[in-house]
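Here the structure comes first, spelled out in structure tokens, and everything after it is commentary.
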There are 2 protein chains.
Amino acid sequence: MDKVYHKEAFERASEAYRTAVLTAGIEEFSELGLEKANINIIAKKAGVSVGLLYKYFDTKEDFFFTCVEDAMRTLEDIIEGVVNSNDKILVRAEKLIRAIQTTSGADSKYVKLYNEITKVSGNDGAAELVKKVEGISAKTYNEFIKRAQESGDIRSDCDSAMFAFFFDTLLMTLQFSYTCDYYRERLKLFCGEDIFENDDRMVTELLKFLEAAFTFEHDDIKKFNK
Amino acid sequence: MDKVYHKEAFERASEAYRTAVLTAGIEEFSELGLEKANINIIAKKAGVSVGLLYKYFDTKEDFFFTCVEDAMRTLEDIIEGVVNSNDKILVRAEKLIRAIQTTSGADSKYVKLYNEITKVSGNDGAAELVKKVEGISAKTYNEFIKRAQESGDIRSDCDSAMFAFFFDTLLMTLQFSYTCDYYRERLKLFCGEDIFENDDRMVTELLKFLEAAFTFEHDDIKKFNK
DNA sequence: TGTAAATTCGTGAGCAGTCGCTCACACCAC
DNA sequence: GTGGTGTGAGCGACTGCTCACGAATTTACA
């Protein structure tokens, strides 16, 4: 089921070669994207011949996908490492937002590569990739909301799958907004230049937004005379 | 201030040539993106020589930006045409969501091109583009929320700029989710294959989400014993 | 108003640079 | 000897862009 994008030779390669190749690949692909990145340059940066790269991977695309897989694993570790436990959704959200803000520094390349995935055309690869990248959060959020509904922490009049989607949408876009060119400019346009120096503003406002969205039911409006 | 991306010759060109060139450009760029699209093929599809294209535009990028500008104007007309009037934010939101769902059909190329913009690297172009593309919604939503706060339609304990940003984030991603490869797969993963055949489900759930987020204040929780 | 000169419109073969990928070869392990 | 690792010059295909040329149109001027 789970597709592999590398040849057998890659598994036999030494740890040093594998990390060198993946590091250089992630570096270049995250900066330039699949199309613009240059295999010859990546090989040179990795201290490896082009020929060897093509002993490890059939095509440039396969190499790219392997880099993506690796980067997503690390990104997941960073993000999910912060959000373990059985925190309530708002605590979880706050930890996620702060993790996102932190990640936008040194580890920005992983987020950038995440963003590059959304650009890959050709629906064949897209479907496979999405499952690998978003599969976990989709399932996690969905089940989390369901359980929270049962215990009364979250409004019961909502579709858990849809609300998981909205939640993920806001956090995913937030990630891009802290690291990727276009989305950074967009955030600045909406919230001003200084938004990147005022992390707490984002945290409190997004939490306010999410808290209300997840807490109050449609009928509460009448009961509350709004 | 407002940069133009075409040479003077383009303005002197006949209406027929201009639309032919723009139509072919939007078609190809929306399908393949800036990098993969081929100038020679676009010229052929437009029924025009490459030489002439380069009398109209200095570079491929300039041509791309001109196509983007044109497409965004049409997209704005479609979207904003639906949301005139002084509707309340939820009425406005519903109209927007339904317009987005409709637009995903015949006019998908404009949305796809919108999505292509987010992929353009090099922060020089990005900043300029963002202003053109998102400038209007940023200002509109922000001021709208402010006025709604004054009249008591929207909670008063929130940062209008931030909430405008969240609102736009949800709608922008929704647009992509109905038209672009990766985002379509992502939506399917979260909400199931049949989400595209059940437009009302999206409308009601997103409205529930937004209604609560925009209505209830943080302090309401105590008052409401939640 | 007729005509020469200057300018612009429009063409498309092909230049020049880029880059994914190959392959003949050397080395090494067993 | 067989089968793996590792090399890197360079092939071949692609493509953004040019430029020499002719046709059309405008301008200049008697």
Side-chain angles (χ1 to χ4, degrees), chain A residues 5-68 116 119-122 125, chain B residues 5-68 116 119-122 125:
Chain A
Y5 296 100
H6 60 261
K7 299 200 214 174
E8 281 180 19
F10 187 60
E11 284 163 33
R12 287 192 298 266
S14 73
E15 186 68 25
Y17 265 172
R18 258 181 299 168
T19 53
V21 162
L22 286 178
T23 308
I26 291 173
E27 187 84 26
E28 286 290 295
F29 283 130
S30 68
E31 213 56 49
L32 298 170
L34 170 55
E35 333 269 357
K36 276 193 171 177
N38 184 324
I39 285 285
N40 298 279
I41 292 177
I42 295 178
K44 194 162 279 174
K45 285 202 177 177
V48 150
S49 70
V50 213
L52 189 57
L53 258 190
Y54 279 89
K55 291 236 161 76
Y56 291 161
F57 312 100
D58 270 324
T59 62
K60 188 192 189 185
E61 277 72 31
D62 278 356
F63 178 35
F64 174 76
F65 290 143
T66 309
C67 290
V68 165
E116 287 299 328
K119 308 177 185 177
V120 176
S121 58
Chain B
Y5 296 101
H6 59 261
K7 300 201 216 173
E8 281 179 19
F10 187 60
E11 283 162 32
R12 288 192 298 264
S14 72
E15 186 68 25
Y17 266 171
R18 258 181 299 167
T19 54
V21 162
L22 286 178
T23 308
I26 292 174
E27 187 84 27
E28 287 289 297
F29 283 130
S30 67
E31 212 56 50
L32 298 169
L34 170 56
E35 332 270 357
K36 276 193 171 178
N38 184 323
I39 285 285
N40 298 280
I41 291 177
I42 295 178
K44 194 161 280 175
K45 284 202 178 179
V48 150
S49 70
V50 214
L52 189 57
L53 259 189
Y54 280 88
K55 290 238 162 75
Y56 291 161
F57 311 100
D58 271 325
T59 61
K60 188 191 186 185
E61 278 73 30
D62 278 357
F63 179 36
F64 174 76
F65 290 142
T66 310
C67 290
V68 165
E116 287 300 328
K119 309 177 185 175
V120 176
S121 58

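Chain A is the first sequence line, chain B the second, and so forth, proteins listed ahead of strands; every chain is numbered from 1.
For Y56(B), the listed nucleotide lying nearest its side chain is dG10(C); candidates were dG10(C), dT22(C), dT7(D). Proximity note for Y54(B) (side chain, C-beta onward) versus dA9(D), dG20(C), dT18(D): the nearest is dT18(D).
Atom CZ of F57(A) sits about 4.5 Å away from atom OG1 of T66(A), to the nearest 0.5 Å. D58(A) contributes atom CG, which lies 13.5 Å from atom CZ of F63(A) (distance to the nearest 0.5 angstrom). Separating the SG atom in C67(A) from the CD1 atom in I42(A) is a distance of 7.0 Å, to the nearest 0.5 Å. Taking CD of E116(A) as the reference point, atom CD1 of I26(A) lies at 13.0 Å (rounded to 0.5 Å).
Within 6.0 Å of atom NZ in K36(A), 12 or fewer heavy atoms from other residues, nucleotides or ligands are found, so the atom counts as exposed in its surroundings.
Applying the side-chain hydrogen bond (donor to acceptor under 3.5 Å, both in side chains) test to pairs two or more places apart or on separate chains, those with a residue in residues 40-54 of chain A are E28(A)-K45(A), N38(A)-N40(A).
Judged as a side chain to side chain contact (heavy atoms under 4.5 Å, CB included), and not counting sequence neighbours, the contacts of E15(A) are R18(A), T19(A). The side chain to side chain contact (heavy atoms under 4.5 Å, CB included) search around T59(B) returns E61(B), D62(B), not counting sequence neighbours.
Of the possible polar contacts, none joining the K55(A) side chain to the F10(A) backbone as a donor-acceptor pair under 3.5 Å is found.
Rounding to whole angstrom units, CG of residue L53(A) and C1' of dG20(C) are separated by 11 Å. Note: CD1 (I42(A)) to C1' (dG8(D)) measures 17 Å, nearest angstrom. The distance from atom CG of L52(A) to atom P of dT5(D) is 9 Å, rounded to the nearest whole Å. Following rounding to the nearest Å, K55(A) (NZ) and dC23(C) (P) show an atom-to-atom distance of 11 Å.
A heavy-atom distance below 4.0 Å to DNA chain C is reached by these residues of residues 57-66 of chain A, ordered by number: T59(A), K60(A). Near-neighbour residues of DNA chain C inside residues 7-29 of chain A, defined by a heavy atom below 4.0 Å, are absent. For residues 33-41 of chain A, proximity to DNA chain C is found at A37(A), N38(A), I39(A), N40(A), defined as any non-hydrogen atom under 4.0 angstrom from a strand atom.
You'll find the side chain of H6(A) stays beyond 4.5 Å of the side chain of Y56(A), heavy atoms only. At a threshold of 4.5 Å between non-hydrogen side-chain atoms, the residues Y5(B) and F64(B) do not count as touching.
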